[in-house]
Amino acid sequence: MRDFIIATDSDTEIPYTFADQYNIPVFLMPYTVDGEERLFDLGRNTDFIGFYEELSDGADAFTSTRPPVDIADFFRDIVKDGKDVLYLSFSSALSGHYDLSIMAKNMVLEELPDARIEIVDTLRISMGAGQLVMHAQQLKEQGKSLEEIRDWVIENRQRSHAWFSVDDLNYLKKGGRLSGAAAAIGTILDVKPILKLNHEGKIVAADKVKGSKKIQKFFLNVIQENVENPEEQTAYVLHASNIEAALKMKELMEENVSFKEVLIQDVGPVIGCHTGPGVLAVIFMGKAITS
């Protein structure tokens with residue numbers, strides 16, 4: 001059996017320290033702020049606070065994909081040394097990147113027909129995908145094969161829960177996730193939408209609450225209703241310039257659920273372009289998502 005490498009993209013938002021520790025190749029995803037294209041490097045040199053200040057000051061920010069030739073170069077650098085690739089991509093329902101990765105794979109296989117590149121759609125984004133990548137690497141460290149790890153990700157991706165809320169509904173409006181009328185009414189009434197990743201890997205509205213303080217209680221209820229084997233897993237609280245709410249959410253989770261660990265992490269700028277500052281999210285493994 002040939003050696004293989006688990007690889008991913010930076011929209012899975014695994015910590016760069018984890019990627020460095022296990023030599024996980026990461027394809028960097030782009031975002032543009034006021035005409036300047038940048039690549040998200042998992043936070044290695046990312047100014048999270050500065051980015052969200054730019055958004056708050058009215059910067060024009062958007063995301064895009066990278067061409068198949070760039071992805072092919074990424075794959076080629078791995079397989080040229082005779083190693084196979086298991087590439088875990090963020091959700092195909094949120095970007096064309098997954099399809100472009102398939103194109104890139106075929107480009108490389110035309111040149112190197114003996115290469116092996118397996119691509120799996122995690123149907124998740126941010127640490128919803130990241131926790132799958134990290135567990136996949138742990139399985140590799142345990143001696144599991146590429147096929148076993150690939151199958152585990154496919155079988156368990158629906159167990160990765162990602163629930164979040166945003167502070168400014170206008171970012172969702174700009175991204176086409178919310179109508180202008182709904183955004184205006186929500187802002188006036190202080191209505192906060194609760195969003196989640198569904199079984200198709202799409203962002204959908206799950207509920208709404210009035211007032212920011214009720215968001216944390218809602219998330220705690222969701223966790224308690226859906227979590228499985230909390231003592232065996234690390235859960236994540238994500239935020240975008242919302243550290244006080246993140247710290248409170250972490251405290252609630254630690255007091256009420258027996259997680260092995262609860263970690264706080266910044267939402268990266270690629271995702272932040274679509275959600276804006278003020279995001280609060282919880283990520284954990286639980287019951288299979290069916291809708």
Side-chain angles (χ1 to χ4, degrees), residues 6 8 11-14 18 86 88-94 98 120-140 142 144 147-166 177 192-209 214-239 245-246 248-265 267 271 275 279-291:
I6 292 174
T8 191
D11 278 0
T12 63
E13 298 196 331
I14 61 173
F18 186 88
L86 175 59
L88 304 181
S89 170
F90 78 97
S91 177
S92 63
L94 300 176
Y98 173 79
V120 175
D121 181 357
T122 65
L123 301 177
R124 297 291 173 265
I125 196 169
S126 187
M127 278 305 295
Q131 64 179 348
L132 297 174
V133 175
M134 296 172 74
H135 191 80
Q137 182 63 41
Q138 291 166 358
L139 291 175
K140 183 177 186 294
Q142 296 170 15
K144 302 296 184 182
E147 293 82 5
E148 288 174 314
I149 299 172
R150 176 199 62 201
D151 292 346
W152 182 91
V153 174
I154 293 172
E155 291 168 4
N156 287 273
R157 59 190 175 185
Q158 296 294 356
R159 294 182 53 240
S160 178
H161 284 253
W163 297 73
F164 66 103
S165 184
V166 298
R177 301 292 180 186
K192 306 294 183 181
I194 303 294
L195 308 169
K196 69 174 183 177
L197 271 292
N198 72 358
H199 67 293
E200 297 177 326
K202 297 178 180 179
I203 297 174
V204 297
D207 209 326
K208 58 183 180 291
V209 298
K214 294 183 179 179
I215 294 173
Q216 295 163 354
K217 183 178 179 181
F218 184 97
F219 285 160
L220 181 60
N221 289 337
V222 163
I223 294 169
Q224 291 174 323
E225 291 173 1
N226 290 280
V227 72
E228 293 182 335
N229 303 317
E231 66 282 350
E232 298 177 6
Q233 63 170 294
T234 297
Y236 297 87
V237 178
L238 273 60
H239 76 98
K248 179 59 178 177
M249 190 71 238
K250 179 178 188 289
E251 180 183 347
L252 286 173
M253 292 166 67
E254 290 175 335
E255 289 176 351
N256 293 278
V257 187
S258 57
F259 284 113
K260 180 174 68 175
E261 188 176 24
V262 180
L263 299 179
I264 294 177
Q265 190 167 308
V267 174
I271 296 167
T275 58
V279 173
L280 183 68
V282 292
I283 312 290
F284 61 95
M285 295 294 287
K287 300 174 184 176
I289 298 166
T290 57
S291 63

(message) Let me confirm one number: the CD1-NZ distance from I215 to K208, rounded to the nearest 0.5 Å.
(response) 13.5 Å
(message) Is any side-chain heavy atom of L220 closer than 4.5 Å to one of V257?
(response) yes
(message) For the OG atom of S165 and the CD1 atom of I194, what is their distance to the nearest 0.5 Å?
(response) 4.5 Å
(message) I need the I154 CD1 to I149 CD1 distance, nearest 0.5 Å.
(response) 12.0 Å
(request) Side-chain contact test, heavy atoms from C-beta onward, threshold under 4.5 Å: evaluate it for V222 versus F284 and give yes or no. (result) yes
(request) Can you see which heavy atom on L123 is nearest to which on R157, and at what distance? (result) CD1-NE, 3.6 Å
(request) Taking the side chain as every heavy atom from C-beta outward, state whether E231 and N229 have any atom pair closer than 4.5 Å. (result) yes
(message) Ignoring hydrogens, what is the shortest heavy-atom contact between I289 and L197? Give both atom names and the distance.
(response) CD1-O, 4.0 Å
(message) Is there a side-chain contact (heavy atoms from CB on, under 4.5 Å) between L139 and E148? Walk through the geometry before answering.
(response) CA-CA 9 Å; L139 291 175; E148 288 174 314; over 6 Å; no
(request) Could you tell me the separation between the NZ atom of K202 and the OG atom of S92, rounded to the nearest 0.5 Å? (result) 9.5 Å
(message) Is there a side-chain contact between L238 and V279 in this structure, where contact means two heavy atoms from C-beta onward sitting under 4.5 Å apart?
(response) no
(request) Could you tell me whether the side chain of R124 and the main chain of S160 form a donor-acceptor pair under 3.5 Å? (result) yes
(message) Quick check: closest heavy atoms across Q131 and T234, and the distance to 0.1 Å?
(response) OE1-O, 4.3 Å
(request) Say whether, by atom type as modelled, one donor and one acceptor occur between the side chain of T8 and the main chain of L88 under 3.5 angstrom. (result) yes
(message) Using every non-hydrogen atom in the two residues, find where A245 and Q216 come nearest and quote the distance to one decimal.
(response) O-NE2, 3.3 Å
(request) Taking all non-hydrogen atoms of both residues into account, name the closest pair between A235 and M253 and its distance. (result) CB-CE, 3.7 Å
(message) Could you check whether any side-chain heavy atom of Q137 comes within less than 4.5 Å of a side-chain heavy atom of F18, counting everything from C-beta outward?
(response) yes
(request) With rounding to the nearest 0.5 Å, note down the distance linking CD1 in I6 to NE2 in H135. (result) 10.0 Å
(message) Quick check: closest heavy atoms across T122 and S91, and the distance to 0.1 Å?
(response) OG1-N, 4.1 Å
(request) Kindly indicate, with the supporting measurements, whether the criterion side-chain contact (heavy atoms from CB on, under 4.5 Å) is fulfilled by V227 and Q233. (result) CA-CA 10 Å; V227 72; Q233 63 170 294; 3.7 Å; yes
(request) Enter the distance from I264:CD1 to Y236:OH here, rounded to the nearest 0.5 Å. (result) 13.0 Å
(request) For residues M127 and L263, determine if any side-chain heavy atom of one lies less than 4.5 Å from a side-chain heavy atom of the other. (result) no
(message) Could you check whether any side-chain N or O of Q265 sits under 3.5 Å from a backbone N or O of I14, counting only pairs where one atom can act as donor and the other as acceptor?
(response) no
(request) For the residue pair F219 and L280, establish whether any side-chain heavy-atom pair is separated by less than 4.5 Å. (result) yes
(message) Determine whether a donor-acceptor pair (N or O, by modelled atom type, separation under 3.5 Å) exists between the side chain of H161 and the backbone of K287.
(response) yes
(message) Any non-hydrogen side-chain atom of K144 less than 4.5 Å from a side-chain atom of W152?
(response) no
(message) Given 3.5 Å as the limit, does a donor-acceptor pair link the side chain of S126 with the main chain of T12, or not?
(response) no
